[in-house]
Amino acid sequence: MPTSQHKNLKQWDRDYIWHPFTQMKDWFRDEPLIIDSANGVYLKDIDGNTYMDGVSSLWVNVHGHRHVHIDAALKKQIDKLSHSTLLGLSNTPSIELAKRLIGIAPKGLKKVFYSDNGSTAVEIAIKMAYQYWQNTGHQKKTNIVHLSNSYHGDTLGSVSVGGIELFHKVYRQLIFKTIPLKNHGWPAVEELEKLLKARGSSIAALVIEPLVQGAAGMLVWPEGALKKMRDLTKKYNVFLIVDEVATGFGRTGKMFACEHEGVTPDFLCMAKGITGGYLPLAATLTTQKVFDGFIFDHKEQKTFFHGHTYTGNPLACAAALANLDVFQKERTLAKLAPKIKFLAKKLKMFYNLPVCADVRQKGFMIGIELKGRLEDRVGAKVCQQVRKYGVILRPLGNVIVLMPPLSISVEELDFLVMATYRAIEENGNEKQ
Ligand code: PMP
């Protein structure tokens, strides 16, 4: 690409784009890094520099960029149909994918409702849970319970069940009332039990991020807590909504986090990795019982009145089908296990750095928490520094996140960890 064209792109980015989750005043201080192409676990910018994609392009990429099988599946689908609607019609890839998803999901989930991002997948589960109780004569079951520090997306419904002060407090007047749990870990389970005992008949659902609270800083749950929450919600007739938007599609070492504890939720929300990181697609899976709670004569007006324009988009569904093929063909999950072990060993070295407060890992979800005040933005500085070593990372406050594509090799993982270590050593240790 000629240099003048680069200059134009950098200027036009400044002129026209409002970047998400970005203080644009800060953005204007630096040159924008503009990605132009990719291959495997690497991204290439318009100046020809190559970077390892250390956070899987915001936690979505699974088998690497430009995977031949997914690329081919998309090209084939483009030659047949790019979009048609699921409102009043159906289409081939969305049917095939729904069957495949039910085949790999925890046993007991039977129906697939599509949307196009993680926030909507969660909102749909909340609306379905709420309406189920309304439809079936339990008018008092209206409350939604969630964890503290929870994150389920940025639309107002998912913000309502969010508990991250920095992101959510400004919208307090706009969102619906919920019951947040105050505690973490086992104390949260105890708190839930008390709450359900006292008020279970007025509670519609509990929403959780299973095993790892991602945006909260990769907080890993204690073993057994998920199963206990499932048992409690069952006992008190409250739906369990599990948000596997971040944890799904192999991230924790199994296809879904629920599998670690043999849990079948009433709703399982998936997005991000569903298409291997190619296209926006999400799905909310639920049970026959929930589905049956919406089967009435039309005149009773108990239909689930919800649907997005691109629901079940054939291109996205074709990518998702190809993604699942690759999981099978390349034995992605079997190959992941030794890489997870390698990481667990390797990550211990971060404790040698005085600035390191904690290292958390569940499978391929890693958070390295650094000491220091949030306003010093040590996380952002480390992520800026690591670019010099050819790695793209994005922090969560003071937590450095490592979430590489599952396809990454052990040698590449080693490089990623060492580059991160060096960046923290050179930058993070300054501020204590
Ligand atoms: N739930 C969880 C657990 C997430 O991590 C995210 C996004 N990081 C979302 C929901 C929202 O997904 P989206 O950005 O696709 O709306």
Side-chain angles (χ1 to χ4, degrees), residues 19-22 53-62 113-127 129 144 146-164 166-168 171 175 178 180 184 205-221 226 229 240-252 256-258 265 267-285 306 308-311 313 316 319-320 323 360 362-367 393-397 399 401-404:
H19 287 266
F21 266 99
T22 301
D53 189 356
V55 285
S56 298
S57 294
L58 216 56
W59 315 359
V60 297
N61 196 280
V62 181
F113 194 98
Y114 289 113
S115 61
D116 30 53
N117 62 75
S119 313
T120 52
V122 174
E123 291 219 22
I124 285 162
I126 292 170
K127 283 178 74 177
I144 309 287
H146 60 89
L147 299 174
S148 52
N149 271 329
S150 51
Y151 179 80
H152 298 284
D154 300 328
T155 54
L156 285 173
S158 46
V159 167
S160 302
V161 290
I164 298 185
L166 177 66
F167 305 161
H168 299 145
Y171 305 112
I175 58 183
T178 59
H184 279 284
L206 166 71
V207 189
I208 55 169
E209 293 164 78
L211 297 199
V212 186
Q213 286 190 264
M218 300 293 157
L219 302 181
V220 180
W221 287 38
L226 171 62
M229 285 202 174
L240 177 66
I241 300 174
V242 159
D243 173 354
E244 293 242 21
V245 168
T247 52
F249 298 94
R251 270 289 147 201
T252 63
F256 297 106
C258 283
F267 299 88
L268 192 152
C269 310
M270 50 177 82
K272 287 196 187 282
I274 189 172
T275 60
Y278 270 63
L279 284 167
L281 180 70
T284 305
L285 272 55
H306 187 116
H308 301 280
T309 309
Y310 280 99
T311 293
N313 172 259
N323 174 38
R360 298 183 282 271
K362 184 75 199 173
F364 255 35
M365 299 178 82
I366 292 111
L393 294 180
R394 184 171 166 83
L396 291 161
V399 178
V401 173
L402 303 183
M403 286 262 276

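As the structure lists them, so they are numbered: ligands from 1, and atoms in each ligand from 1.
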J.: For atom 14 (O) of ligand 1, is the nearest protein heavy atom closer than 4.0 Å?
T.: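 Protein heavy atoms within 4.0 Å of atom 14 (O) of ligand 1 - there are none.
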J.: Against ligand 1, does E244 come closer than 4.0 Å with any heavy atom?
T.: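 Flag not set, E244 not near ligand 1.
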J.: Would you kindly say whether E123 and T120 are connected by a side-chain donor-acceptor distance under 3.5 Å?
T.: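 The criterion, which ignores hydrogens and geometry beyond distance, is not satisfied for T120 and E123.
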J.: Side chain of K362, backbone of R251: donor and acceptor closer than 3.5 Å?
T.: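 Side chain of K362 to backbone of R251, a donor-acceptor pair under 3.5 Å: no, none is there.
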J.: Find the distance between NZ (K272) and CG (L58) and round it off to the nearest 0.5 Å.
T.: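 Taking NZ in K272 and CG in L58, the distance rounds to 4.5 Å.
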J.: To the nearest 0.5 Å, how far apart are OG1 in T309 and CG in D116?
T.: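 Between atom OG1 of T309 and atom CG of D116 there are 8.0 Å.
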J.: Under 4.0 Å from a heavy atom of G153: give me the atoms of ligand 1 that qualify, with their elements.
T.: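 Those qualifying, in numeric order: 10 (C), 11 (C).
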J.: Any chance OH of Y171 has more than 12 other-residue heavy atoms, nucleotides or ligands included, within less than 6.0 Å?
T.: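 No.
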J.: Is it true that the side chains of H152 and D243 contain a donor and an acceptor less than 3.5 Å apart?
T.: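 D243 and H152 do have a side-chain donor-acceptor pair below 3.5 Å.
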J.: For ligand 1, find out whether one of its N or O atoms is nearer than 3.5 Å to an N or O atom of A246.
T.: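 It does not: no N or O of A246 is found under 3.5 Å from an N or O of ligand 1.
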J.: Would D53 and S57 count as having a side-chain donor-acceptor pair, cut-off 3.5 Å?
T.: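 Yes - a donor-acceptor pair under 3.5 Å links their side chains.
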J.: Atom 1 (N) of ligand 1: which of L281, T120, D243 has the nearest heavy atom?
T.: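 Result: the heavy atom closest to atom 1 (N) of ligand 1 is in D243.
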J.: Give the atoms of ligand 1, by number and element, whose distance to some non-hydrogen atom of N117 is under 4.0 Å.
T.: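 Per the distance check, 15 (O), 16 (O).
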J.: Please work out, at 4.0 Å between heavy atoms, whether the side chain, the backbone, both, or neither of E209 comes within that distance of ligand 1.
T.: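 E209 to ligand 1: side-chain contact only, backbone stays beyond 4.0 Å.
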J.: Which residue supplies the protein heavy atom nearest to atom 9 (C) of ligand 1, what is that atom called, and how far is it?
T.: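 For atom 9 (C) of ligand 1, the nearest protein heavy atom comes out as V245 CG1, 3.7 Å.
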J.: Which protein heavy atom lies closest to atom 6 (C) of ligand 1, and at what distance to 0.1 Å?
T.: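 The protein heavy atom lying closest is Y151 CE2, 3.6 Å.
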J.: With heavy-atom distances below 4.5 Å as the criterion, would you say the side chains of W221 and Q213 are in contact?
T.: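 Yes, side chains in contact.
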J.: Which atoms of ligand 1 sit under 4.0 Å from any heavy atom of W59?
T.: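 Close to W59: 5 (O).
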J.: Counting each atom of ligand 1 from 1 as listed, which ones have a heavy atom of S119 under 4.0 Å away?
T.: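 Ligand 1 atoms under the 4.0 Å threshold to S119: 11 (C), 12 (O), 13 (P), 16 (O).
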J.: Of all the atoms in ligand 1, which lie at a distance below 4.0 Å from a heavy atom belonging to G118?
T.: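 Listed by number with element, the hits are 11 (C), 12 (O), 13 (P), 15 (O), 16 (O).
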